[in-house]
Asker: 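Take this structure, written in structure tokens, and hold onto it; I'll ask about it next.
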Amino acid sequence: MEMMSGAAMVVRTLKDLGVKHVFGYPGGAVLDIYDALYAQEDVEHVLVRHEQGAAHMADGYARSTGITGTVLVTSGPGATNTLTGIATAYMDSIPMVILSGQVPSMHIGEDAFQETDMVGCSRPVVKHSFLVKRAVDIPEAIAKAYYIANTGRPGPVVVDLPKDIVNVLEEHPYQFPEDVTMRSYNPTLKGHSKQIKKASKVLLEAKRPILYVGGGAIAAQASELVTEIAEKLNLPVTSTLMGLGAFSGVHEQSLGMLGMHGTLESNKAMHNADCILALGARFDDRVTNNVEKFCPHATIIHVDIDPASISKTVAVHVPVVGSVDQVAKQLLAQMGDINTAKQKEKLADWWEQIEQWRGRSCLDFKKDDKLIKPQEVIQSVYKHTNGDAYVSSDVGQHQMFAALYYPFAKPRRWINSGGLGTMGFGLPAAMGVQMAHRDATSVVITGDGSIQMNIQELSTCLQYKLPIKIISLNNRALGMVRQWQDMNYKSRYSSSYMDSMPDFVKLAEAYGHIGIRVEHPDELDAAMERCFAEKDRLVFMDIAIDQNEHVYPMQIKFGAMDDMRLSKTERT
């Protein structure tokens, strides 16, 4: 049996688990671990400029690959700086392991220098946490953390490591656990056979069915199965913000995103459906609007690996606990051979109604000769990336414009903070994507407010040669805040204007990158072409957009799914 220090055990365990990248920032409590990292080449450490950036990078890495992201930070402020990133991952069910340093065991609870109770601080926003008390327990604790993070409903797990147990001067026997089992943790993967039969019967009898897809379908790698069900039953498909790409956005059966800023056809179809098949979605408030008015005619089939999510906000008629991929296979087997022609004939009236809603062209917008519209920026990004980029976003109007105007044809290409709504997420998330996919195009759709929250990571981009393309929709304001103030506060713009913006082009250049400013619609296409022609350089596009543009469609608060504003003057 090999003998090694606790610090060496941490790094060796990561290697044995197949971890390739760790995002972090050193400090006193973890310097022994950093010394162990220095002595090997299997695990690459990415030095960030702020610990929040590390968490978001690990998050973007995980979202784009399905591989658990890894964070390494020191005790106290180093650990607490990751909490926003941990909460972001928790809300969106993203697998992540956070290795946090801690003061020596004998000083825990004494308010020692840089001490915080990381297990306690993170408890509301983690799937699980460990405080490791003995060096020999390090391999098992870390292996369990990765197992928990990426099984069942994924989520972040904290492993707190006191400084004395990673001491390089003490050696202990290293034993990597070949098999991780936990008696109290056994996620249900297969759906109950009786529930599968019920679901199949309801689906086959429905006259106005719809398939409602969430992020759980992406987490379960179930995109092909989702498509097979949709095509076999000729179902219209709508996606949550987190589910975009699970079913191709360019497929003829796709209705686009639903919910607060969903398309007219998606929300209308949901409201009028007689059967909803929900796969890996949780019926959150940004989808349902007023739950008392939610889809009054529908029999709801809800498939989710997390039993706590089923009937949590909306009562469902056919609950199925299980992983989306497993349940989808069971459903397909239960339904057997379907006569596609007869199925299309049976749903002809339903599709005719949907086409009428589609005919309203709710995403149409009027271009301006002098002002750049944010919608046309997203369309230009789609054109110049051939729809094949990894697109990360920050949070606000630009996020909704990206979700609506960049149709995602593949899963794991849309990287955004859906549940927590974290400004500052986009840039570091795109960096994590680029670390995982070195030859891919990684794009950030951001705003002049969001980009400044973690703009220091431009330095990290230079160090690790990450040729990200930053598309900043600059409206000199907090756009979504301003929109709500227009609609609900009689245009009283309280703290939503930002009057002292930096010169983003010069700022990008100061960090060693390329900056491009675009101020007129006629300049947009050529500037975009130049941006994406730079394969090996980071490009920051500062695009001045129409400050008064709102995001539509938009649900009317307290209404039903299909109570919507279609423009500043038109409502359903």
Asker: Between N454 and M423, is there a side-chain heavy-atom distance shorter than 4.5 Å?
Answerer: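 Contact flag for M423/N454 side chains = no.
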Asker: Write down the atom of V132, the atom of A141, and the distance for their closest heavy-atom approach.
Answerer: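 Shortest heavy-atom contact: CG2-CB, 3.7 Å.
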Asker: What I want to check is whether the side chains of Q326 and S323 have a donor and an acceptor closer together than 3.5 Å.
Answerer: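 Judged by distance alone, the side chains do not pair up.
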Asker: Is the shortest side-chain N to carboxylate O distance from D59 to R63 below 4.0 Å?
Answerer: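 Salt bridge present between D59 and R63.
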Asker: Counting heavy atoms not belonging to K15, are there more than 12 under 6.0 Å from its NZ?
Answerer: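 For K15, atom NZ is not crowded (no more than 12 foreign heavy atoms under 6.0 Å).
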Asker: Between D394 (side chain only) and F425 (backbone N and O only), is there a donor and an acceptor less than 3.5 Å apart?
Answerer: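 Side chain of D394 to backbone of F425: a pair is present.
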Asker: I need the E115 CD to H107 NE2 distance, nearest 0.5 Å.
Answerer: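 Spacing of CD (E115) from NE2 (H107) equals 10.0 Å.
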Asker: Mind checking the OH-NE2 spacing from Y25 to H50? Nearest 0.5 Å is all I need.
Answerer: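 Separation between the atoms: 9.0 Å.
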Asker: Given side chain to side chain contact (heavy atoms under 4.5 Å, CB included), test S450 with H398 step by step and report yes or no.
Answerer: CA-CA 10 Å; S450 286; H398 56 270; 3.8 Å; yes
Asker: Does E110 have more than 12 heavy atoms from other residues, nucleotides or ligands lying within 6.0 Å of its CD?
Answerer: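 Yes, because the 6.0 Å sphere around CD of E110 holds more than 12 heavy atoms from other groups.
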Asker: Can a donor-acceptor pair be found, under 3.5 Å and without considering hydrogens, that links the side chain of S5 to the backbone of A8?
Answerer: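 Yes, S5 side chain to A8 backbone: donor-acceptor pair under 3.5 Å.
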Asker: Enter the distance from D160:CG to S122:OG here, rounded to the nearest 0.5 Å.
Answerer: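 Output value for this atom pair is 8.0 Å.
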Asker: Looking at CG of L17 and CD1 of I142, how far apart are the two atoms once the value is rounded to the nearest 0.5 Å?
Answerer: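 Answer for the CG-CD1 pair, L17 versus I142, is 8.0 Å.
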Asker: How close do I310 and V320 get, counting heavy atoms only, and between which atoms?
Answerer: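 Looks like CD1-O, 3.7 Å.
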Asker: Donor-acceptor pair, H302 side chain versus A281 backbone, under 3.5 Å?
Answerer: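 Indeed, once roles are kept as given, a pair shorter than 3.5 Å links the two residues.
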Asker: At their closest point, which heavy atom of I514 faces which heavy atom of E534, and how far apart are they?
Answerer: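 Looks like CD1-CD, 3.6 Å.
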Asker: Taking Y174 for the side chain and P139 for the main chain, is one N or O donor matched with an acceptor at less than 3.5 Å?
Answerer: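 No; judged by distance alone, with no hydrogens or angles, the pair does not exist.
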Asker: Is the shortest side-chain heavy-atom distance between L47 and T460 below 4.5 Å?
Answerer: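 Not touching, per the 4.5 Å side-chain cut-off.
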Asker: Are the side chains of Y147 and T181 in touch, meaning some heavy atoms are under 4.5 Å apart?
Answerer: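 A side-chain contact under 4.5 Å is absent here.
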Asker: Of all heavy-atom pairs between V22 and V71, which one has the smallest distance, and what is that distance?
Answerer: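 Here V22 and V71 meet closest at CG1-C, 4.4 Å.
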Asker: Is there a side-chain contact between Q221 and R412, using heavy atoms and a 4.5 Å cut-off?
Answerer: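 Of all side-chain heavy-atom pairs linking R412 with Q221, at least one is under 4.5 Å.
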Asker: Step through the shown structure and confirm whether more than 12 heavy atoms of other residues, nucleotides or ligands are within 6.0 Å of CD on Q40.
Answerer: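 Count over threshold, so yes.
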Asker: Could you note down all residue pairs passing side chain to side chain donor-acceptor pair (under 3.5 Å) where residues 123-133 supplies at least one of them, sequence neighbours left out?
Answerer: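 Qualifying pairs, neighbours excluded: K127-Y185.
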Asker: What do you reckon, is OH of Y406 surrounded by more than 12 foreign heavy atoms closer than 6.0 Å?
Answerer: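 Enclosed.
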Asker: Using side-chain hydrogen bond (donor to acceptor under 3.5 Å, both in side chains), reason through T80 and T116 one step at a time and then give a plain yes or no.
Answerer: CA-CA 8 Å; T80 58; T116 55; 5.5 Å; no
Asker: Evaluate I301 against V316 for side chain to side chain contact (heavy atoms under 4.5 Å, CB included), listing each step before the verdict.
Answerer: CA-CA 6 Å; I301 304 162; V316 303; over 6 Å; no
Asker: Other residues, nucleotides and ligands only: do more than 12 of their heavy atoms fall within 6.0 Å of CD on E224?
Answerer: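 Incorrect, the count does not exceed 12.
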Asker: Treating S393 as the side-chain partner and N416 as the backbone partner, does any N or O pair qualify as donor plus acceptor under 3.5 Å?
Answerer: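 Side chain of S393 to backbone of N416, a donor-acceptor pair under 3.5 Å: no, none is there.
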Asker: Do Y34 and H45 have their ring centres less than 6.0 Å from each other?
Answerer: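 When the ring centroids of Y34 and H45 are compared, they turn out to be within the sub-6.0 Å range.
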Asker: Ignoring hydrogens and geometry, is there a side-chain-to-backbone donor-acceptor pair from N150 to G66 under 3.5 Å?
Answerer: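 Here the side-chain-to-backbone pair exists.
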Asker: First locate atom CG of L279, then atom CG of D325, and finally report the distance between them rounded to the nearest 0.5 Å.
Answerer: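 These two atoms lie 11.0 Å from each other.
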Asker: Without hydrogens or angle criteria, can the side chains of T227 and H251 be said to hold a donor-acceptor pair below 3.5 Å?
Answerer: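 No pair is found: no donor N or O on one side chain lies under 3.5 Å from an acceptor on the other.
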Asker: Would you check if T446 and S392 make a side-chain contact, meaning some heavy-atom pair closer than 4.5 Å?
Answerer: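 When only atoms from C-beta onward are counted, S392 and T446 do not touch, as no gap falls below 4.5 Å.
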Asker: Which of these, Q463, E457, Q456, sits in a side-chain hydrogen bond (donor to acceptor under 3.5 Å, both in side chains) with R49?
Answerer: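 The option that passes is Q463.
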Asker: Find the distance between CG (L161) and OG (S105) and round it off to the nearest 0.5 Å.
Answerer: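 Answer for the CG-OG pair, L161 versus S105, is 10.0 Å.
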Asker: Show the numbers, then the answer: is there a side chain to side chain contact (heavy atoms under 4.5 Å, CB included) between M182 and I148?
Answerer: CA-CA 9 Å; M182 301 179 69; I148 294 169; 3.6 Å; yes
Asker: Could you verify whether a donor N or O on one side chain and an acceptor N or O on the other, from R282 and S309, lie under 3.5 Å apart?
Answerer: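 No, no side-chain donor-acceptor pair sits under 3.5 Å.
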Asker: Please confirm whether the backbone N or O of D32 pairs with a side-chain atom of K163, one donor and one acceptor, at under 3.5 Å?
Answerer: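 Not confirmed, K163 side chain does not pair with D32 backbone.
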Asker: Cut-off 3.5 Å, side chains only: do T441 and T385 have a donor facing an acceptor?
Answerer: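 No, because no side-chain N or O of T441 sits under 3.5 Å from a partner of the opposite role on T385.
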Asker: Hey, does the side chain of Q102 reach the backbone of A29 with a donor-acceptor pair shorter than 3.5 angstrom?
Answerer: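 Such a contact is absent between Q102 side chain and A29 backbone.
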Asker: Should Y146 and V19 count as side-chain neighbours, where that means a heavy-atom distance under 4.5 Å?
Answerer: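 Yes, their side chains come closer than 4.5 Å.
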Asker: Looking at I94, is its backbone amide N or carbonyl O close enough to the side chain of D92 to form a donor-acceptor pair, meaning the two atoms are under 3.5 Å apart?
Answerer: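 Here the side-chain-to-backbone pair does not exist.
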Asker: For I218 versus M242, what's the shortest heavy-atom pair and its separation?
Answerer: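 Here I218 and M242 meet closest at CD1-O, 3.4 Å.
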Asker: How close do F532 and V381 get, counting heavy atoms only, and between which atoms?
Answerer: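 Heavy atoms only, the tightest pair is CZ-CG1, 4.2 Å.
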Asker: When you measure from the side chain of E51 to the backbone N and O of V73, does any donor-acceptor pair fall under 3.5 Å?
Answerer: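 Absent.
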Asker: Quick check: do T13 and F176 have side-chain heavy atoms less than 4.5 Å from each other?
Answerer: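 T13 vs F176: side chains touch.
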Asker: Checking H21 now: which residues fulfil side chain to side chain donor-acceptor pair (under 3.5 Å) with it, not counting sequence neighbours?
Answerer: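 Here the qualifying residues are E44, Y61.
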Asker: Anything under 30° is parallel, anything over 60° is perpendicular, the rest tilted; go ahead and classify H437 against Y390.
Answerer: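 Ring orientation, 0 to 90° scale: parallel.
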Asker: Apply side chain to side chain contact (heavy atoms under 4.5 Å, CB included) to residues L427 and I451 and explain how you reach the verdict.
Answerer: CA-CA 7 Å; L427 173 58; I451 190 62; 4.1 Å; yes
Asker: What I'd like to find out is whether the side chain of L538 reaches to under 4.5 Å of the side chain of L462, using heavy atoms alone.
Answerer: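 Of all side-chain heavy-atom pairs linking L462 with L538, none is under 4.5 Å.
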